[in-house]
Amino acid sequence: MSEREKILEIRNLVFSFRTYGGVVHAVRDVSFDVRRGEILGIVGESGCGKSVTAQCILRLNPEPPGFFENGEILYGGSDILKMKKKELRNIRTREIGFVFQDPMTSLNPTMRIGDQIEEVFLSRTDISKKEVKERALGIMRLVGISDVERRYKQYPHELSGGMKQRIMIAIALVSEPSVIICDEPTTSLDVTIEAQILDLLMDLRERLGTSVIMITHDLGVIAKMCDRVIVMYGGKIVETGDVREIFYETKHPYTMGLMKSIARLDMDKNDVLTPIEGTPPDLFSPPRGCPFAARCDEAMEVCHRYMPGETVLSSGHMTRCWLMHEYARYNSADKGADPISALNGGGGR
Amino acid sequence: MSEKTPMLSVQDLCKYFHLGRHLELKAVDHVSFDIFQGETVGLVGESGCGKTTTGRAIVKLHEPTSGKILYRGSDIFKQNKAERLEYCGNVQMIFQNPYASLNSRMTVSEIVGEGMKIHGQYSKKQQEDRVLELLQKVGLGRDHMSRFAHEFSGGQRQRIGIARALSVNPEFIVCDEPVSALDVSIQAQVINMLKKLQEELGLTYLFIAHDLSVVRYISDRVIVMYLGGIVEEAPADELYRNPQHPYTKVLLSAIPIADPDKIRSKERIAIKGEIPSPINLGDGCRFADRCPYALERCKSETPQMKELAAGHRAACHLL
């Protein structure tokens, strides 16, 4: 996978919000790449920083109260955080598309569908009005909308949720961006519609070679469509790897906990769900050590005190956990044995 | 189980909403099912299928257009005041949205204690003890009693909602999407708690949800609804192993399983289109427009429920 060209690089991103209650440390030192033509999943619970991270890429978080403390976001070699307004607008309209979570509230209720799709061409002089309309109708067909001429003139309230989400995707795609960021695109939709939208996104990736960043809390969606996965918790990346590594060679206790706590369709009646006890950390004053330590069954003294570094397990698989650190003789492969007995003669196994 | 008399029997329930002029929304249309003591019945379907309306009719938040709901043999819509109070003590509801279903001006102990006050079962001191006991049962403590709802996270609020439902010692609880607003790791906490409470207190649940995986985990029997009508009903394992109605098949095949190898090899029955508007529905099978197997007959004739095996019913012409 690593041979694919990096199209977007996020380096040491730190983003916080100033509020009356203090500073919320939403994203704490996050680095990752997006490669051409891949579907990258970012998974985590609410408040883990996944949406804020994604919105940072297009600087959609309100600033203030939000502010960048550190980091750079490189697109084609230039830093989005240092761009002028005009350059940023160019990125937003041509290079990177964004599909928002809630299609019911993200479309402008007073504008016709066609006008909303064409809005990105408003400032452009290199393309004629007729061509713009052709493009808009073409993209509507591409995302599976029937009867496009009629839909073109309709208002958002005349469409169903699934249709609106298709329009959102059409808006994100119309300028042929190289990356589209989908922030929980199917969370508010029914399962049969969700399946249609996910199929559409995978199909568009095949046909247009667009990179997709898929933000979701649903491991099923991740399993279905992603090539690589980033697991976030408490504003940090705790594990990243390709999709089979994340699901079959899970290394971080949080990722494991997440897998064990979801009800699955292929579950046996007698299987039990093992919830992760406790609640996510308070990001007003994030813990000094590992953000998951307070809820982790296997937490050690060191976890509470120091932030674990990145442990690279294979070319694409990284986890941030003391148990996987090279000093830790004990890792999840021989669960049940405690570190001391592992030292005393567990080496034979 | 089928020999026993049902605890709750919904018979030919209809709830129509008049939208003015000649528009009529048939939210629930001739729905019948039974619930027996001690079991958990899952009621699933996509948005707008009438599952919540059915649940709300059971707790008398909706007056039905026609049809009956019998609770231990007596019609719940023909009760006098005393009977109604007793019914409300026996049947409670847990609501979908923990952010909207708790009064933000009341403390937790007032919220949980309100039902007890109305039923007048306890003295003030007893009530306080009981509130504490309930809160401990759902994993909260004494220091939460004097706080307000906004101070709690979604999972904790849902626990408060559960404590409130339990406060009057009900035997039957309608759970309307109790976990869909919660994070995945919190969902498991609440589901396991509901299961534990059921064992301890011998509760009967009607579990309304759109998430079929969760329903499978908690339910003994499952009822699938589509556009106001029941399309299939079966014991949980049977329904998931051997779905009969095309809609159930489509629904099951659309769910993403959290296992990359399995999901990518799983064949999906693709259906086109979306749920049609439930306003002024015509004759015929409701699913006919989207059904990959639809016949001519499906468009004109409404299919009746057929018994396929013990406890397994479905409404489809193809069966």
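Keep in mind that the numbers below use all heavy atoms, side chains included, and drop hydrogens, waters and symmetry copies. Proteins come first, then strands; the chains are lettered A, B, ... in the order of their sequence lines, and each starts at number 1.
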Residue pair [X] / [Y]: nearest heavy atoms and the distance that separates them:
| X | Y | value |
| --- | --- | --- |
| A:Thr192 | B:Ala254 | CA-CB, 4.1 Å |
| B:Ile257 | A:Ala223 | O-CB, 3.5 Å |
| A:Ala263 | B:Ser213 | O-CB, 3.2 Å |
| A:Ile222 | B:Arg264 | O-NH2, 3.8 Å |
| A:Leu273 | B:Asn192 | O-ND2, 2.8 Å |

Quiz prompt | Heavy-atom contact with chain A under 4.5 Å, split by part of B:Asp261 | solution =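 Contact with chain A: backbone and side chain both.
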Quiz prompt | Under 4.5 Å from any heavy atom of chain A - which part of B:Leu252 | solution =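 Both the backbone and the side chain of B:Leu252 come within 4.5 Å of chain A.
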Quiz item: Hey, does B:Gln187 have a side-chain heavy atom less than 4.5 Å from the side chain of A:Ile262?
Solution: no
Practice problem: Under 4.5 Å, heavy atom to heavy atom: which of residues 240-247 of chain B reach chain A? Give them by number, or say none. | Solution: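 If one takes a 4.5 Å heavy-atom cut-off, the residues of residues 240-247 of chain B near chain A are B:Tyr240.
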Practice problem: Output the residues of residues 45-54 of chain B for which the shortest heavy-atom distance to chain A is under 4.5 Å, in residue-number order; output 'none' if no such residue exists. | Solution: B:Glu46, B:Ser47
Counting only non-hydrogen atoms closer than 4.5 Å, does [X] touch chain B with its backbone (N, CA, C, O), its side chain (CB onward), both, or neither?
| X | value |
| --- | --- |
| A:Glu277 | both |
| A:Ile276 | both |
| A:Met163 | both |

Quiz item: Can you name the side chain to side chain contact (heavy atoms under 4.5 Å, CB included) partners of A:Cys48, sequence neighbours left out?
Solution: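 For A:Cys48, the residues satisfying side chain to side chain contact (heavy atoms under 4.5 Å, CB included) (neighbours in sequence not counted) are A:Lys50, A:Met232.
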Quiz item: If you tally heavy-atom pairs under 4.5 Å against chain B, which of A:His217, A:Gln196, A:Arg295 wins?
Solution: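 If we count pairs closer than 4.5 Å to chain B, A:Gln196 comes out on top.
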Practice problem: Heavy atoms only, distances under 4.5 angstrom: which of A:Ser261, A:Cys226, A:Pro280 has the most pairs with chain B? Name it, please. | Solution: A:Ser261
Exercise. Drop me the distance from A:Asp190's CG to B:Leu251's CG, to the nearest 0.5 angstrom.
Key: 8.5 Å
Self-check item: Listed partners of B:Thr40 passing side chain to side chain donor-acceptor pair (under 3.5 Å), at least two apart
Solution: B:Gln198
Practice problem: Could you check B:Ile263 against A:Met225 for side-chain contact (heavy atoms from CB on, under 4.5 Å), going step by step and ending with a plain yes or no? | Solution: CA-CA 9 Å; B:Ile263 175 98; A:Met225 61 186 298; over 6 Å; no
Self-check item: Pair B:Asp259-A:Phe247, side-chain contact (heavy atoms from CB on, under 4.5 Å): steps then yes or no
Solution: CA-CA 7 Å; B:Asp259 185 331; A:Phe247 280 89; 5.7 Å; no
